[in-house]
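Have a look at the structure below before the remarks.
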Amino acid sequence: HVQLVESGGGSVQAGGSLRLSCAHSGRTYSRWCMGWFREASGKEREGVATIDSDDNRRYVGSVKGRFTTSKDNAKNTLYLQMNNLKPEDTAIYYCAARLWGCSTSDVTQVLPSDFTSWGQGTQVTVS
């Protein structure tokens, strides 16, 4: 079982940047997939980015070129660097993990139910 703890949310003006962190602990696995999801008020949770144990990084179209996900294996921490933030990026952001790699290479098809471990979520507000 993997435990995930997020940090780094906050409030910024449009055009600003934030970096989210997701520290994970517990058992380690050789093949995995980690994802970033967000849930805006009144909307369903949607996939934003994924990264897998082969360092394949994929993004939903609305954040490509603005968001970057990375992982520091030495620190057991996943990051989401968010630049040029827009008001439509306002949401609660979650990190999540699953075994055996990502179920799809299309982030728009990623389902929250595919992931077995979740962080507590962190609020990002862009005005």
ask   = Tell me, which pairs form a ring pair (Phe, Tyr, Trp, His ring centres under 6.0 Å) where one or both residues lie in residues 51-108, sequence neighbours left out?
value = none
Listing, residues 50-57 side-chain donor-acceptor contacts under 3.5 Å, not counting sequence neighbours, or none:
unit_1 : atom_1 : unit_2 : atom_2 : d
Asp52  : OD1    : Asp54  : N      : 2.9
Asp52  : OD1    : Asp55  : N      : 3.1
Asp52  : OD1    : Asn56  : N      : 2.9
Asp52  : OD1    : Asn56  : ND2    : 3.3
Asp52  : OD2    : Asn56  : ND2    : 3.0
Ser53  : OG     : Trp32  : N      : 3.3
Asp55  : OD1    : Arg57  : NE     : 3.0
Asp55  : OD1    : Arg57  : NH2    : 3.1
Asp55  : OD2    : Arg57  : NH2    : 3.2
Arg57  : NH1    : Thr69  : O      : 3.1

query = Can you name the side chain to side chain donor-acceptor pair (under 3.5 Å) partners of Asn84, sequence neighbours left out?
reply = none
task = Sequence neighbours left out, what passes side chain to side chain donor-acceptor pair (under 3.5 Å) with Gln120? Give chain and number order.
result = none
message = Which residue is it: Leu80, Val110, Val63, Val60? I am looking for the one with a side chain to side chain contact (heavy atoms under 4.5 Å, CB included) to Trp36.
response = Leu80
query = Who are the ring-ring contact (aromatic ring centres under 6.0 Å, His included) partners of Trp118, not counting sequence neighbours?
reply = Phe37
task = Would you indicate whether the side-chain heavy atoms of Glu46 and Thr108 approach each other to under 4.5 Å?
result = no
ask   = Sequence neighbours excluded, which residues qualify as side chain to side chain donor-acceptor pair (under 3.5 Å) partners of Ser105?
value = none
query = Hey, what do you get for CE (Met34) to CG (Leu78), rounding to the nearest 0.5 Å?
reply = 4.5 Å
ask   = Do the side chain of Ser117 and the main chain of Val2 share a donor and acceptor less than 3.5 angstrom apart?
value = yes
task = Hey, could you give me each pair passing disulfide (SG to SG under 2.5 Å) that has a residue in residues 61-94? Not counting sequence neighbours.
result = none
inquiry  = Listing request: all disulfide (SG to SG under 2.5 Å) pairs with a residue in residues 44-90, at least two apart in sequence or in separate chains.
reply    = none
Disulfide (SG to SG under 2.5 Å) pairs, two or more places apart, involving residues 31-85 = Cys33-Cys102
Let me check something: any side-chain donor-acceptor pairs from residues 9-27 under 3.5 Å, sequence neighbours excluded? List them with distances.
unit_1 : atom_1 : unit_2 : atom_2 : d
Ser17  : OG     : Asn83  : OD1    : 2.9
His24  : NE2    : Lys71  : NZ     : 3.1
His24  : NE2    : Asn76  : O      : 3.3
Ser25  : OG     : Gln3   : OE1    : 3.4

ask   = What salt bridge (Lys or Arg N to Asp or Glu O under 4.0 Å) pairs are there with at least one residue in residues 75-101, not counting sequence neighbours?
value = Arg38-Asp89, Arg66-Asp89
key: Set of residues satisfying side-chain contact (heavy atoms from CB on, under 4.5 Å) with respect to Leu111, sequence neighbours excluded   = Ser113, Asp114
